[in-house]
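Right, one structure below, let's go through it.
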Amino acid sequence: ELQRQGGAAARGIRTLRVAMVVAVDYKLSLRGMSDHKAPEYVRALSACHDRSAQRVLDLCRTQAGVYIKAGQHVTSLRPIVPREFTEMLASLCDDAPQSSLA
């Protein structure tokens with residue numbers, strides 16, 4: 001029981017860490033840019049999306065299980081999720097770990 005709780009705590013901390021790193025990356029990468037249509041803003045935002053999507057993908061693969069399923073679901077949200085995320089997380093649909101039911 002204690003080992004299971006420790007594993008759950010570690011997964012929670014790992015998830016929280018990634019969320020915080022992603023949030024800080026967006027904040028710092030876009031700081032001081034007020035014109036959301038400017039080419040430099042669009043480039044900075046896209047680069048931040050790429051980095052964040054890679055972090056989320058790595059988290060999903062590390063955490064496995066429901067995290068992979070959540071990442072797969074995100075790929076179906078193309079109209080509302082940035083393209084960089086849906087493209088990066090699409091590999092979770094193709095390369096999902098297989099388990100035998102036997």
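In this text the structure is predicted, and so the values were computed from the model without any measurement.
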Exercise. Apply side-chain contact (heavy atoms from CB on, under 4.5 Å) to V74 and list each qualifying residue two or more places apart in sequence or on a separate chain.
Key: V81, L89
Quiz item: Among the clusters formed by ILVMFWY side chains lying less than 4.5 Å apart, do V22 and I80 turn up in the same one?
Solution: yes
Practice problem: Tell me who clusters with I13, hydrophobic residues only, linked when side chains sit under 4.5 Å apart either directly or through other members. | Solution: none
Quiz item: With distance as the sole criterion, is a donor-acceptor pair present between the side chains of R11 and T62 under 3.5 Å?
Solution: no
Quiz item: How far apart are the closest heavy atoms of L92 and C60, and which atoms are they?
Solution: CD1-CB, 3.8 Å
Practice problem: Could you list all the ring pair (Phe, Tyr, Trp, His ring centres under 6.0 Å) pairs where at least one residue sits in residues 7-29, not counting sequence neighbours? | Solution: Y26-H49
Self-check item: Nearest-0.5 Å distance, CD of residue Q72 to OG of residue S91
Solution: 9.5 Å
Self-check item: Q54/D50 under side-chain hydrogen bond (donor to acceptor under 3.5 Å, both in side chains): CA gap, chis, key distance, verdict
Solution: CA-CA 6 Å; Q54 183 63 58; D50 280 332; over 6 Å; no
Quiz item: Do L57 and V66 belong to the same hydrophobic cluster, where Ile, Leu, Val, Met, Phe, Trp and Tyr are linked whenever their side-chain heavy atoms lie under 4.5 Å apart, directly or via other members?
Solution: yes
Quiz prompt | Which atom of A53 lies closest to which atom of E84, heavy atoms considered | solution = CB-O, 3.7 Å
Quiz prompt | side-chain contact (heavy atoms from CB on, under 4.5 Å) partners of R17, counting only residues at least two apart | solution = V21
Listing, residues 29-42 side-chain donor-acceptor contacts under 3.5 Å, not counting sequence neighbours, or none:
unit_1, atom_1, unit_2, atom_2, d
S29, OG, D25, O, 2.7
S29, OG, D25, OD1, 2.8
S29, OG, R51, NH2, 2.8
D35, OD1, K37, N, 3.1

Self-check item: Test side-chain contact (heavy atoms from CB on, under 4.5 Å) applied to T15 - qualifying residues, sequence neighbours left out
Solution: L59, Q63, Y67
Quiz item: So, the side chain of S46 versus the backbone of R43: is there a donor-acceptor pair under 3.5 Å, distance only?
Solution: no
Quiz item: When rounded to the nearest 0.5 angstrom, what is the spacing between NE2 in H73 and SG in C93?
Solution: 11.0 Å
